[in-house]
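Data first, discussion second: the structure below is written as C-alpha cells.
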Amino acid sequence: MMFEYAPAPESTSIVTISPQQGLFINGEFVASERNFESINPATEAVLSLVAEADEAAVDAAVKAARVAYTKVWSRMSGSERAKYLFRIARIIQERARELAVLESLDNGKPIRESRDVDIPLVAAHFFYYAGWADKLEYAGLGTEPKALGVVGQVIPWNFPLLMLAWKIAPALAAGNTVVLKPAETTSLTALMFAEICQQAELPPGVVNIITGAGETGRLLVEHPDVNKVAFTGSTAVGRSIQRALAGSGKGLSLELGGKAANIVFEDAALDQAVEGIVNGIFFNQGQVCCAGSRLLVQESVAEEVIHALKRRLGTLRLGDPLDKNTDIGAINSRVQLERITELAAVGDAEGAERWTADCALPEAGFWFAPTIFTNVTQAHRIAREEIFGPVLSVLTFRTPEEALEKANNTPYGLSAGIWSEKGSRILWMANRLRAGVVWANTFNRFDPASPFGGYKESGFGREGGVHGLAPYLQGHAKGVSA
Amino acid sequence: MNERLQVRKTYKLYIGGEFPRSESGRVFEVHAADGQFLTNMAKASRKDARDAVLAARKGFNSWSAASAYNRGQVMYRIAEVMEGRSVQFVDELRLLGGGSEKKARLEVERAIDRMVWYAGWADKLAQVVGTSNPVAGPYFNFSIPEPTGIVVAAAPAKPALLGLINVLAQIIVSGNSSIIVASQSQPIVAITLAEVLESSDVPAGAINILTGDAAEILPWLASHADVNALDLSGVADPQLAIELEREAAGTLKRVLRSSAQAEDVPSLQQMTSFLEIKTVWHPMGL
C-alpha cells in the first residue's frame with residue numbers, strides 16, 4: 001500500500017537568484033549582449049537570464065586564465081594553492097543548503113539527492129584535491145610534475161556542480177588555471193561557485209566560468225591557447241572533440257556515455273539487489289552516464305526480481321523536486337524528455353514489453369514515469385543506446401559466461417554491477433567486465449578518493465583519486481635508462 | 001672463382017604466430033645501404049591488416065589472461081633469444097642502416113637490456129599504479145590497472161632495433177596485444193625479431209608485425225573499430241600523425257602522440273598510456 005505523505009517542501013527562500021547572470025571572467029562578472037533563459041524544469045518557470053559567451057568572451061576568459069597562470073598560480077607554492085582549495089571547500093559546506101536548493105531548482109533533481117549526495121561530494125572533492133596540491137611529487141609522475149597551463153573544461157547538466165568539482169578541483173590542485181563551461185540548461189550553480197571563488201579571494205583569472213551552448217563549448221576547446229581539454233558528455237560530442245583536437249598537441253580527457261549492465265545472480269540477496277537496481281537506474285531520473293540501464297538477471301530468479309522491482313517502483317514518489325519526500329524529480333529539459341520518449345517508443349516498436357509505474361505526472365514541467373522494458377534482446381536499440389532517463393531494459397541469462405558476454409557486448413565500458421553472495425564469483429566477474437567502475441552488491445557510489453572513468457567508447461582518463469591528477473600534470477619521462 | 005652462392009631468405013609478415021605472405025601478393029624491394037638489392041619483402045594489404053586485428057584480438061585474450069609473472073618470464077625469454085641472435089641483429093642493422101659495428105652492437109645490447117628492464121615491470125605495474133582507496137563509507141574499494149586491448153604502433157626508423165623493442169615492450173608488458181608496423185627503411189630486423197618471438201613462448205597473435213608502406217597500413221588500423229589504442233611515437237610524418245589521430249577519434253582510441261623524447265627514454269608513463277584503471281567497490285558489513 002502507498003502511504004499518504006503530507007508535502008514537505010524545502011524552502012527556496014534561502015537562495016536569491018539574480019534575474020540576470022554574467023560571465024565570470026578574470027574575477028568579475030561581465031555582461032553579454034546575448035542572453036538565454038534558464039528555466040526550472042519542474043515548472044518551466046524562468047529562473048534567470050544567462051549570458052551567452054561569444055568568441056570575444058571566450059578569448060577574454062582564456063587570456064585571463066593565461067595571465068593568472070603565468071603571473072600568479074604557477075608561481076605560487078603548492079601549499080598556498082592547497083589553502084585556497086580548502087577555503088573553497090569550507091565555503092561550499094557553509095553554503096551547502098543554498099547550493100542544494102539552487103541545484104534542485106535549476107536541474108530538477110530531488111532535494112534529497114542534491115542535499116545528501118551532490119553537494120556533500122562537491123565539498124569532499126575540493127577537500128580531497130586541496131591536500132594534493134603540495135604533494136604532487138607523490139602522484140607517481142616523477143619528482144617534478146608540472147602543470148599543463150590553461151585548461152578548458154566542458155561539463156554536462158546531470159550533476160552540474162559535482163561535475164564542476166570533478167573538473168576544477170584536480171586542475172587547480174595540479175597548478176593549472178581553468179575556463180569552464182557549464183551546460184546551458186544548468187548554469188546557475190556554476191555561477192554561484194564563481195561567487196564562492198570571490199569570497200575565497202581566489203586570484204582573478206584562476207577560475208573563469210563562461211556560459212553558453214555547444215558553440216561556446218566549441219570555441220573553448222578549439223581555442224589555440226588552451227593546453228588541455230576535459231569534457232564530460234555524450235560519446236558523439238567526445239568523438240568530435242577528439243577529432244577536432246588532432247594535431248593540436250592539446251591534452252584530452254573524456255568521460256562519455258555508458259550502457260551499464262547490472263547483473264543479478266540467483267544467489268544474490270534479492271531485496272538488496274532490488275534496491276540496487278532502483279538506485280542504479282532511477283537515481284537522478286536515470287540521467288547518469290554510469291546508470292545501470294541494462295538489468296541482466298539470471299533466468300531462475302527473473303520473474304521474482306521483476307515482480308519485486310515493479311512493487312518497489314510503485315512506492316517511488318515522483319513530483320516536486322523540492323519536496324523532501326520526492327524520489328523521482330523532473331527530467332532536465334524538454335529536449336531530453338523528447339529523446340527519452342522517442343527511444344521508449346522504439347522499445348515498443350521493436351517488440352519489447354513496456355511497464356510503467358502508476359503515478360500521476362504534474363501538468364507543467366518535464367516528467368517521465370519510471371519504466372521497465374522486459375522481453376528485451378541484445379539487438380534492441382533500448383539495450384544498445386544510452387537513453388539517459390528512467391528506463392530500464394531487462395535481459396536474462398543462464399550462466400555467468402553468458403552474463404559476462406552480454407555485459408561486455410557494447411561499445412561502452414563505463415560501469416557495471418554484480419549482485420551475488422559468492423565472493424569468488426564476484427571477483428571472477430569483476431576481473432572480466434570491461435568497465436572502469438564495478439560495483440559489487442552496491443551501485444552508483446561515488447567518492448573523491450575513488451577513480452571514475454571508462455573503457456572503450458566511454459572515454460579515457462580518470463577523475464577522482466590519485467589517478468585523477470594525471471590528466472592535469474606533465475610528468476617527466478625520467479624513468480631509468482636501460 | 002668457387003665463391004658459394006648465398007641462400008637468401010624470403011621475408012614474410014608475422015600474423016597470429018605464423019609467417020604468411022601478403023594475401024595481396026604484393027612485395028616491395030629492400031636494398032642495402034650501398035644500394036645492392038637484398039630481397040622482395042611482403043607488402044601488407046588492408047586484408048592483412050584486418051587479419052592482424054583478428055589475430056591480435058585472440059592474442060589479447062590469451063596474453064591478458066596470462067599471469068603477470070608469466071608475462072615477465074616470456075619477455076625475459078625474448079631477451080634471452082635476442083642475445084643468441086645478437087650478431088645477426090648487428091649485421092642486419094649495418095646492412096640497411098650503415099654505420100660502425102661498434103655503434104650497431106651498442107644498440108643491440110641496449111635493446112636486449114631494455115627488454116629485460118620491461119620484463120621486470122610485468123608483475124610490478126599493478127603495485128605501482130594500483131591503489132586501495134579510502135572512501136568515506138563502509139566499502140572496500142580498490143583500483144587496478146588492466147590492459148587497454150589491441151595497440152597498434154609504428155616502429156621508429158631510428159634507432160631501428162632499440163626503438164622497435166621500446167614500443168613493443170611498453171605495450172605488451174601489461175597484457176595488451178600489439179600490431180607493429182615495421183619501419184619501411186629497416187624492416188629486416190623486425191622480421192628477425194618475429195622469429196625471436198616465435199621461439200619465445202609468446203602466445204599466437206599477442207604480437208603481430210606488418211611490413212610495407214606504413215603510410216598506407218596505419219590509416220586502415222587507425223580506423224579499425226576493434227583497435228583500442230595507437231602509439232604514434234614512431235610516425236615521422238606530422239601530417240600522417242594528424243590524420244591517424246583524427247581517424248582514431250572514430251572509436252575513441254587512446255593515442256600516444258609522437259614526441260621527440262619518446263624514442264629512447266623508457267618511462268612508467270609510456271606504459272600507463274595503454275592501461276585502463278578499473279575500480280571495484282564492495283560493501284563491508286556483517
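None of these values were measured; they are calculated from a predicted model. In the text below, chain A, chain B and the rest are named by the order of the sequence lines, each starting its count at 1.
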### Validation row: B/Trp121, B/Val128 side chains within 4.5 angstrom (heavy atoms)
yes

#### Entry: chain B contact via A/Arg445 - which portion, at a heavy-atom distance below 4.5 Å
both

#### Entry: Flag side-chain contact, heavy atom, 4.5 Å: B/Arg246 against B/Ile242
yes

### Query
Between B/Pro147 and B/Phe60, is any pair of side-chain heavy atoms under 4.5 Å apart?
yes

### Task
Please state whether the side chain, the backbone, both or neither of A/Ile426 comes within less than 4.5 Å of a heavy atom of chain B.
side chain

### Message
Take a 6.0 Å sphere around CZ of B/Arg85 and say whether it holds more than 12 heavy atoms from other residues, nucleotides or ligands.
### Response
yes

### Message
Below 4.5 Å, heavy-atom pairs only: which of B/Glu109, B/Lys253, B/Lys278 has the largest tally toward chain A?
### Response
B/Lys278

### Query
Tell me, side chain or backbone of A/Pro411 under 4.5 Å from chain B's heavy atoms, or both, or neither?
neither

### Query
How about A/Phe127: does its CZ atom have over 12 heavy atoms from other parts shown lying under 6.0 Å from it?
yes

### Message
At a 4.5 Å cut-off on heavy atoms, which part of B/Ser143 comes close to chain A: side chain, backbone, both, or neither?
### Response
side chain

### Task
Heavy atoms only, distances under 4.5 angstrom: which of B/Asn228, B/Thr272, B/Asn141, B/Thr251 has the most pairs with chain A? Name it, please.
B/Thr251

### Query
Side chain, backbone, both or neither: which part of B/Ala241 has an atom under 4.5 Å from a heavy atom of chain A?
neither

### Query
chain B heavy atoms under 4.5 Å from A/Ala435: which part of the residue, side chain, backbone, both or neither?
backbone

### Query
Under a 4.5 Å heavy-atom cut-off, does chain B meet the side chain of A/Phe443, its backbone, both or neither?
neither

## Note on the structure
Most contact-rich option vs chain B, by heavy-atom pairs under 4.5 angstrom, among A/Ser458, A/Pro448, A/Gly465, A/Gly249, is A/Gly249

#### Entry: Heavy atoms from other residues, nucleotides or ligands near CD of A/Gln272 exceed 12 (cutoff 6.0 Å)
no

### Message
Quick check on B/Arg57: does its CZ atom have over 12 non-hydrogen neighbours (other residues, nucleotides or ligands) under 6.0 Å away?
### Response
yes

### Heavy-atom side-chain contact between B/Leu268 and B/Leu125 under 4.5 Å
yes

### Query
Who wins among A/Thr235, A/Leu252, A/Thr442 for the most heavy-atom pairs under 4.5 Å with chain B?
A/Thr442

### Region of B/Ser64 that comes under 4.5 Å of a non-hydrogen atom in chain A
neither

### Message
Does any backbone or side-chain atom of B/Val129 lie under 4.5 Å from a heavy atom of chain A? Answer side chain, backbone, both or neither.
### Response
both

### Task
Please work out whether the ring planes of A/Trp439 and B/Trp281 are parallel, tilted or perpendicular, with thresholds of 30° and 60°.
tilted

### Query
Do B/Leu256 and B/Gln170 touch side chain to side chain, with heavy atoms closer than 4.5 Å?
yes

#### Entry: 4.5 Å side-chain heavy-atom contact, B/Ile165 and B/Leu193
yes

### Task
With a 4.5 angstrom heavy-atom cut-off, could you sort out which part of A/Leu254 is near chain B: side chain, backbone, both or neither?
side chain

### Task
Against chain B, label A/Ile418 side chain, backbone, both or neither, depending on which of its atoms sit under 4.5 Å from a heavy atom there.
neither

#### Entry: Options B/Ala136, B/Ala65, B/Ala229, B/Ala111, ranked by heavy-atom pairs under 4.5 Å with chain A, top entry
B/Ala136

### Message
Report which part of B/Tyr118 has an atom under 4.5 Å of a heavy atom belonging to chain A: side chain, backbone, both, or neither.
### Response
neither

### Message
Could you check whether any side-chain heavy atom of B/Pro219 comes within less than 4.5 Å of a side-chain heavy atom of B/Leu240, counting everything from C-beta outward?
### Response
yes

### Summary
Ranking A/Leu427, A/Asn441, A/Asp447 by heavy-atom pairs under 4.5 Å to chain B gives rank one to A/Asp447

### Query
chain B: which of A/Ala430, A/Ala449, A/Gly247, A/Ser450 shares the most heavy-atom pairs with it under 4.5 Å?
A/Ser450

